[in-house]
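Atom set for the values below is all heavy atoms of this structure, side chains included, hydrogens, waters and symmetry mates excluded. Numbers restart at 1 for each chain; the letters A, B, ... are given by sequence-line order, proteins then strands. Fair warning: this is a prediction, and the values are worked out from it, not measured in the lab.
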Protein chains: 2
Amino acid sequence: MSPQGPRPGGRSARVQAAVHGAVLALQAERPRHEITVPLVAARAGVTPSTVYRRWGDLTELLADVAAARLRPDAAPADTGSLRGDLVAYAEQYLEEMSSPAGREVLRDLVAGAAPALPAGRCDAYVRGQLEAITARERARGGAPPPVGEIVERVMAPITYTILFVATALALADAARLVDALLAPRAAPVSPG
Amino acid sequence: MSPQGPRPGGRSARVQAAVHGAVLALQAERPRHEITVPLVAARAGVTPSTVYRRWGDLTELLADVAAARLRPDAAPADTGSLRGDLVAYAEQYLEEMSSPAGREVLRDLVAGAAPALPAGRCDAYVRGQLEAITARERARGGAPPPVGEIVERVMAPITYTILFVATALALADAARLVDALLAPRAAPVSPG
């Protein structure tokens, strides 16, 4: 559901689907700096003023499309254990977001202006998936860390590294971060 | 030193100083979407083609200016203890980056294209300051955590929250993250 809350099947929803589809098609064909609102509008079969009225400008439109791409379409994989579920989810996030297309999505999200709605939707999707994983663990009788702590210890370092660090993350970093999160709860870390 | 490595005092350095100064002046006067390369060039007293030749496009120019703003101009504060130094540095980063101007700087950095040089310079500045703090702690006879771990545990969650989470960070979050980083090394965390 977009922040504008279109009725499903209504004109608003049709415009949104056409414009989002046009953006995705153009992104597959052209470098970023060639994409303009008039081009998107022409491809979607709407007027540029429809796009400006609804999204404000190109940056906000791209951020909205980026957030929509991140909307989860399934529950997180159930591997039978908290560690397994967290590693699977973190690996999937790392793989998707560190791809060239994923980096573009993160950049578009972050470029969206304050109050940062599209980036906030991405964070909410992540927390929703982690809520599902931790609820499953509680149903198994376990005591998972709070979702906020998982975001800080696992998702934030992955995202920071993708956006700010030139050297690539390895897939093994996902498991390393999850193990560091879960380890102190099981055994003390030796000092020094 | 810019990636282009201008000679200090040479024409290249003068152009860089004039163009950076023009961007900062325009950013103080106008909303982002009104800033253009011709406007920056006119203010700096250079031709637009000089700007395009050197920076590529407006996004890369803004990212370069953002990185230059983050260059530390002093060693991190020496409070006499590792915890004190880390909390002071994390609080300063949190305050600067979560201000409206700081958020703009982070957004501009992240918008810079692959290979993400300006964002990488920001990360390198952060690691440089943390190297100074941990070297000081080793000179005191202490055993500080590796800089990479401090980035993951303290700087990454602060940055992620500024960019992706609508609710504001409190200054106390900086000390909370530092204490969580340092705590398991001193005493075991109880399970559950």
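- Remark: B/D173 engages B/R176 in a salt bridge, criterion side-chain N to carboxylate O under 4.0 Å.
- Salt bridge annotation for B/E60-B/R54: absent, with no cationic side-chain nitrogen under 4.0 angstrom from a carboxylate oxygen.
- For the pairing with B/I150, the side-chain contact (heavy atoms from CB on, under 4.5 Å) check across B/V178, B/L86, B/L177, B/L182 returns one residue only, B/L86.
- The most heavy-atom pairs under 4.5 Å with chain A, out of B/V151, B/T159, B/D123, B/V126, come from B/D123.
- A salt bridge between B/D85 and B/R140 is present, with a side-chain N of the basic residue lying under 4.0 Å from a carboxylate O of the acidic one.
- If you measure heavy-atom distances from A/R32 to chain B, you find no contacts under 4.5 Å at all.
- The residue among B/A156, B/A124, B/G142 with the most heavy atom pairs within less than 4.5 Å of chain A is B/A156.
- Within the 4.5 angstrom heavy-atom criterion, no atom of B/I158 approaches chain A.
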